[in-house]
Amino acid sequence: MRQRLSSEPDRYRGRRRVPTPPRSRYAAVVTTAFVGAGFVALGAAALPDAKTVDPSALADLDRASASQDLADRAEDAARASRDDRSATTADQAASDAWLLPLQEYQFTSPYGMRWGQLHAGVDLAAAEGTPYKAVADGTVKLAQYYGGYGYAVIVDHGNGVETIYGHSQKVLVKAGQTVKAGDTLGLVGNTGHSYGSHLHLEVHVNGEPRDPIPWFRDRQADIKLQVDSIFAGVAPS
């Protein structure tokens with residue numbers, strides 16, 4: 001029998017076995033997997049399923065949405081009503097405002113007693129041929145030679161209010177014609193009982209003359225200061 005020499009290398013020496021993982025490590029891995037799966041299952045159970053939402057909750061949401069929509073519509077309607085009232089008020093203020101018949105003139109004679117009789121209007125001196133305007137919307141009642149007024153225009157503004165423009169060089173409108181505030185009615189002149197080129201202006205209410213100065217002031221215009229809502233409050237120099 002051959003005896004192995006101690007110097008002969010061991011044929012198995014140098015080989016390594018694959019180490020087997022310890023049982024405790026394997027158990028920890030398996031345990032972690034199960035615990036993780038359990039947390040996932042619990043989390044999934046806690047989340048609501050869209051198919052199983054309580055129908056009454058959806059109905060409540062629908063009712064709340066409908067109520068908000070109605071509230072929004074009501075607010076829009078109220079806002080539109082406020083806007084309409086504001087526009088109406090602005091339109092009414094514009095219709096109540098009167099304009100001066102001339103932009104540049106010299107105030108020469110007021111309303112009142114003069115030479116023992118009533119001077120029923122105001123006199124506004126201006127160069128002959130200067131165009132004069134309607135002070136407010138209305139309908140031309142007369143446009144012709146009219147006794148001591150010379151060539152004159154009378155405009156009916158409704159509600160018993162009329163204006164008379166006297167001593168014209170020429171009238172440029174006809175009876176029955178509708179005019180707007182600022183439309184040209186005629187040219188300043190010196191016809192009739194006149195002593196110089198000027199526009200004689202009267203305001204009548206139900207056939208009775210009124211002082212044009214306070215009348216115009218109540219309607220956002222000042223004849224003596226030559227100010228109205230169009231000319232922005234600066235008297236001509």
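The structure displayed is predicted, hence computed values, not measured ones. If you read the sequence from its start, that first residue is 1, and numbering goes on from there.
Checked by atom type and distance alone, the side chain of E208 never pairs as donor or acceptor with a backbone atom of V205 at under 3.5 Å. A donor-acceptor pair is defined here as one N or O able to donate and one able to accept, closer than 3.5 Å; no such pair exists between the side chain of D123 and the backbone of T108. No donor-acceptor pair closer than 3.5 Å links the side chain of N159 to the backbone N or O of V161. Counting only distance, with no hydrogens or angles, the side chain of Q226 and the backbone of Y105 share a donor-acceptor pair below 3.5 Å. At distances below 3.5 Å, not a single donor-acceptor pair connects side-chain atoms of T184 with backbone N or O atoms of G186. Side chain of S168 to main chain of G189: no donor-acceptor pair is present (N/O by atom type, distance under 3.5 Å, no hydrogens or angles).
Every ring-ring contact (aromatic ring centres under 6.0 Å, His included) that H119 has, sequence neighbours left out, goes to H200. Under the ring-ring contact (aromatic ring centres under 6.0 Å, His included) criterion, H204 pairs with no residue, sequence neighbours left out.
For L199 against V188, the heavy-atom pair with the smallest separation is N-CG1, 4.1 Å. Smallest separation of non-hydrogen atoms from E162 and D156: CG-CA, 4.1 Å.
Both V171 and L185 belong to a single network of hydrophobic side chains, linked directly or stepwise wherever heavy atoms of I, L, V, M, F, W or Y lie under 4.5 Å apart.
For R217 and W215, the positive end is not near the middle of the six-membered ring at less than 6.0 Å and at most 45° from its axis.
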Pairs of donor and acceptor atoms involving the side chains of residues 143-150, under 3.5 Å and at least two apart or interchain, shall be tabulated with distances.
from : atom 1 : to   : atom 2 : distance (Å)
Y149 : OH     : E202 : OE1    : 3.2
Y149 : OH     : E202 : OE2    : 3.0

